[in-house]
Protein chains: 4
Amino acid sequence: MPKVTSMYKAEVKEKIIRAAIDSFAQTGFDRTKMEDIAKRLGLSKGTIYLYFKSKEDLFLAICEHNMQQSDREDAGLFVRKDNIASDAEQIYDNIRRREQGNDRVMLEMVAESARNPKLKKAMYELHVKVHEHVMQAVKSKIDEGFLRKDVDAASLAIALVALYDGLAVNRMLGISDAVNKKAWVTMIKTMIAGSS
Amino acid sequence: MPKVTSMYKAEVKEKIIRAAIDSFAQTGFDRTKMEDIAKRLGLSKGTIYLYFKSKEDLFLAICEHNMQQSDREDAGLFVRKDNIASDAEQIYDNIRRREQGNDRVMLEMVAESARNPKLKKAMYELHVKVHEHVMQAVKSKIDEGFLRKDVDAASLAIALVALYDGLAVNRMLGISDAVNKKAWVTMIKTMIAGSS
Amino acid sequence: MPKVTSMYKAEVKEKIIRAAIDSFAQTGFDRTKMEDIAKRLGLSKGTIYLYFKSKEDLFLAICEHNMQQSDREDAGLFVRKDNIASDAEQIYDNIRRREQGNDRVMLEMVAESARNPKLKKAMYELHVKVHEHVMQAVKSKIDEGFLRKDVDAASLAIALVALYDGLAVNRMLGISDAVNKKAWVTMIKTMIAGSS
Amino acid sequence: MPKVTSMYKAEVKEKIIRAAIDSFAQTGFDRTKMEDIAKRLGLSKGTIYLYFKSKEDLFLAICEHNMQQSDREDAGLFVRKDNIASDAEQIYDNIRRREQGNDRVMLEMVAESARNPKLKKAMYELHVKVHEHVMQAVKSKIDEGFLRKDVDAASLAIALVALYDGLAVNRMLGISDAVNKKAWVTMIKTMIAGSS
DNA sequence: GATGAATGAGAGTTCATTCAT
DNA sequence: CATGAATGAACTCTCATTCAT
């Protein structure tokens, strides 16, 4: 089979997905017109339908795309030197960089997942995967003595992910990233330092 | 008294708002038809337009409604006995009870606020108010010696609110409330206990 | 039967009709809401339906009303002294005064008559009646020697009525009444004077 | 060339305008459904919206269309041989032919102009232009000795235009064109002949 | 493959009309 | 008699989707 064609197709698909992410992030799923996405690419509406059989389909492709990317990149976020405090900052930046502009689409995805079981399942699985990862990091921090032995690593991992997600919501409300990062770091430091 | 503000009208308005919250939460703003909301109440489409001049208007009314409610009830969330651990659980339950079913609408509001500056401003202000409150609580915990004196109360407050918001996102993805609560409590306990 | 009531009813009907004329003149039949008419009278929508069984019915009542009025008042418009020129001006003013504000409703009536045969017939008959009248006036002017014996009185009457109607259209386009009156007078004078 | 102005698009636009003129003439602006217009052309509702962004917009386009046409053709109406009587008849026919079926839409335009200042201005300007033209014709008739030197050409021109408009109203009431034309001719002849 | 004109189901909104009070 | 809340048919306009070119 013509590999070139299929490679080309994959490229165009990728391009469309990126344009769609931008559009959905800006206007939301329902309010984004297929034509908007097409225009971003200098394509015509019809062309998108050569690559995705419906708007829904395109959205789901975005979801998968986002998740794969998360998959690919969620390594190496946590393990760093032993200065947790400055480490925390780094971690925040890393996640931020990775999610670059996906906040809003993620929001759309969460909202949509309430209606779309398939999507919900996929996001749940992504969550589990991320959680697994963070939990490992937490565990090593426990091992390294930065956290008490009796801390429930699983729960703390969930909390950390939630914290990050909550800060993403903040960003959408216009709260500056500096403020958010500081909140993140403060929380991490407080966890480590405790009240002692 | 102006007719529009008559007791009866206000009651119906309230009923419509509640039905709309349920509908928007279930289906999202764009996908909810005015008729859906009407049907929930055994009313007809047209009736809603006697009380709200547009779908947008109804949504904004919900936003205000939510915010007023938050305003009214944001007292007494934090101050409790001196066992922070069990206290934390209580706090979580309190917020949960107050927000009862508003999670999804809040999400819609966040998404919408990206497009609606007025709404964005209102939500930002709400955020500030809540933050103020939480910060006071954090400060008293510091004073009471549960947290170190050098903790940045403002940042920690932001983090706590974000944590709560992130857990709300979790809930929407189908993560059980028990798990979320445990994550919350764990985080609080860790903060208090530290690594000592 | 209670005459008082029926008299009262007739009065209210009359009031509603007058309000409707104003409304229809201002906004046009289709764009006028029953509520607009009601508000003008400090009545409620429902009340109008106690007197007229539908909007259409109300409109038809207006038509009849207008025509009856025309009937009642179309005497004495033309016969005057023998100075036709100044006479013409007087005539114009007379018709103007009588039609006071009815121009637009008349327009609506003409437009509507294209769709409503009953109305069309009624208006046609009104036209015939007016024409009859004007023709008599023209004839006496001929007899009095102001116009040539060989003038077709019927046709000239039609032309005069049309001229007046055309000036009504002018008025609606914002052409000042002074200009219109002058046009009317000039035409009449020219007719009388000829090219001699 | 911009797409919107491409030959094809312009043609379709023109077709829609013609269909809309017919529809508006038959049913009036408010009572004409966009679908009616579409059906006349074997098109679907939506298609019209590819060419006109609203019903209002389509109507305004018709107005402009009518005016441009009037503009283009208002020459050569008056100058003819020296037999004014038979000339008059010719003139009437010429205008009639030009306005072909526009009477009703013109009526709608007049009615609408009462609410739409932009339209009102446009129609006023058209009126001025037509008036200018007719006035020139009147002046040459004066020069040629068909009318007295002391006639106010401007006013007479206004009257003639009004006369024509009034006859258009007649037509809408079902008065035969023969009768109208005779009225027109009679008036012209009377003007020329006078009472001498 | 790509296009964009055409489609038509579907949603928001209006308002004449009804009827319980 | 009068009211005005409620109704729902009807209309405008949108936009995902299709398909002839």
Side-chain angles (χ1 to χ4, degrees), chain A residues 2 5 8-9 12 29-39 41-59, chain B residues 3-4 6 8-9 11-12 29-39 41-58, chain C residues 2 5 8-9 12 29-39 41-59, chain D residues 3-4 6 8-9 12 30-39 41-58:
Chain A
T5 301
Y8 174 72
K9 275 198 96 167
V12 177
F29 178 79
D30 286 292
R31 284 164 141 137
T32 297
K33 299 173 220 169
M34 289 303 258
E35 184 139 36
D36 295 342
I37 300 170
K39 267 187 196 149
L41 295 162
L43 285 179
S44 83
K45 254 177 316 169
T47 305
I48 297 181
Y49 283 89
L50 295 176
Y51 295 88
F52 301 92
K53 77 175 208 294
S54 70
K55 195 183 181 185
E56 178 85 10
D57 193 48
L58 173 54
F59 181 70
Chain B
K3 263 168 210 159
V4 220
S6 82
Y8 176 75
K9 277 225 165 191
E11 256 171 56
V12 177
F29 178 78
D30 286 296
R31 284 169 146 143
T32 297
K33 301 172 223 167
M34 289 304 258
E35 192 148 29
D36 295 342
I37 300 171
K39 270 188 192 147
L41 296 163
L43 288 177
S44 84
K45 245 183 325 168
T47 304
I48 297 181
Y49 284 92
L50 295 177
Y51 297 88
F52 300 94
K53 75 176 204 297
S54 71
K55 197 183 180 185
E56 178 84 10
D57 191 49
L58 173 54
Chain C
T5 302
Y8 175 73
K9 276 197 93 163
V12 177
F29 178 77
D30 285 294
R31 284 164 141 137
T32 296
K33 299 172 219 168
M34 288 304 257
E35 185 140 35
D36 295 341
I37 300 171
K39 267 188 197 148
L41 296 162
L43 284 179
S44 82
K45 258 179 313 171
T47 306
I48 297 181
Y49 283 88
L50 296 175
Y51 296 88
F52 301 92
K53 78 176 205 295
S54 71
K55 196 182 181 186
E56 179 84 11
D57 192 50
L58 173 55
F59 181 70
Chain D
K3 262 167 210 157
V4 222
S6 83
Y8 176 75
K9 277 223 165 193
V12 178
D30 286 296
R31 285 170 147 143
T32 297
K33 300 171 228 170
M34 289 305 257
E35 191 148 30
D36 295 341
I37 300 170
K39 270 188 191 148
L41 296 163
L43 288 177
S44 84
K45 244 183 327 168
T47 305
I48 298 182
Y49 284 92
L50 295 177
Y51 297 89
F52 300 94
K53 76 176 202 297
S54 70
K55 196 182 180 185
E56 178 85 10
D57 191 50
L58 173 54

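So that the names make sense, note that chain A is the first sequence line, chain B the second, and so on, each numbered from 1. Atom set for the values below is all heavy atoms of this structure, side chains included, hydrogens, waters and symmetry mates excluded.
The CG atom of B/Asp57 lies 14.5 Å from the OH atom of B/Tyr51; values are rounded to the nearest 0.5 Å. From A/Leu43, atom CG reaches atom CG of A/Leu41 across 5.0 Å, with rounding to the nearest 0.5 Å. To the nearest 0.5 Å, atom OH of residue C/Tyr49 and atom NZ of residue C/Lys55 are 8.0 Å apart. Expressed to the nearest 0.5 Å, how far NZ of D/Lys45 lies from CD of D/Glu35 amounts to 5.5 Å.
Closest approach of A/Phe29 to B/Arg31, counting heavy atoms only: CE2-NH2, 3.8 Å.
Rounded to a whole Å, the NZ atom of B/Lys39 is 17 Å from the C1' atom of F/dA6. In this entry the distance linking CZ of A/Phe29 with P of F/dC15 reads 13 Å, nearest Å. For the pair D/Met34 CE and F/dC11 P, the computed distance is 13 Å after rounding to whole Å. In this structure, CZ of B/Phe52 is placed 15 Å from P of E/dG12, rounded to the nearest angstrom. Between the CG atom of B/Leu41 and the C1' atom of F/dT7 there is a distance of 15 Å, rounded to whole Å. The interatomic distance linking C/Asp30 (CG) with E/dT14 (P) rounds to 17 Å, in whole Å. Across the protein-nucleic acid pair, B/Leu50 atom CG and F/dT3 atom P stand 18 Å apart, rounded to whole Å. Spacing between atom CG of A/Leu58 and atom C1' of F/dA16 amounts to 12 Å, rounded to whole angstrom units.
For the OP1/OP2 pair of F/dG8 and a distance below 4.0 Å, the side-chain nitrogens and oxygens of B/Ser44 include no atom meeting the criterion. OP1 or OP2 of E/dA5 has at least one side-chain nitrogen or oxygen of D/Lys9 nearer than 4.0 Å.
The shortest distance between side-chain heavy atoms of A/Ile37 and A/Leu58 falls below 4.5 Å. Between D/Phe52 and D/Met34 the shortest side-chain heavy-atom distance does not fall below 4.5 Å.
Which of F/dC15, F/dC13, E/dA11 sits closest to the side chain of A/Lys33 comes down to F/dC15.
Pair assignment for F/dA6 gives E/dT17, based on Watson-Crick or G-U wobble hydrogen-bonding distances that are each under 3.5 Å.
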Are any protein N/O atoms closer than 3.5 Å to N/O atoms in nucleotides 18-21 of chain F? If there are, list each pair with its distance.
none

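In terms of position on DNA chain E, the residue among B/Thr32 and D/Thr47 whose nearest nucleotide sits closer to the 5' end is D/Thr47. Projected onto DNA chain F by closest heavy-atom contact, B/Ile48 and C/Val12 fall at different nucleotides, the more 5' of which corresponds to C/Val12. Taking for each of C/Leu43 and D/Glu56 the nucleotide of DNA chain F with the nearest heavy atom, the 5'-most of the two is the partner of C/Leu43.
Looking at heavy-atom distances under 4.0 Å, D/Tyr51 makes contact with sugar-phosphate atoms alone, never a base.
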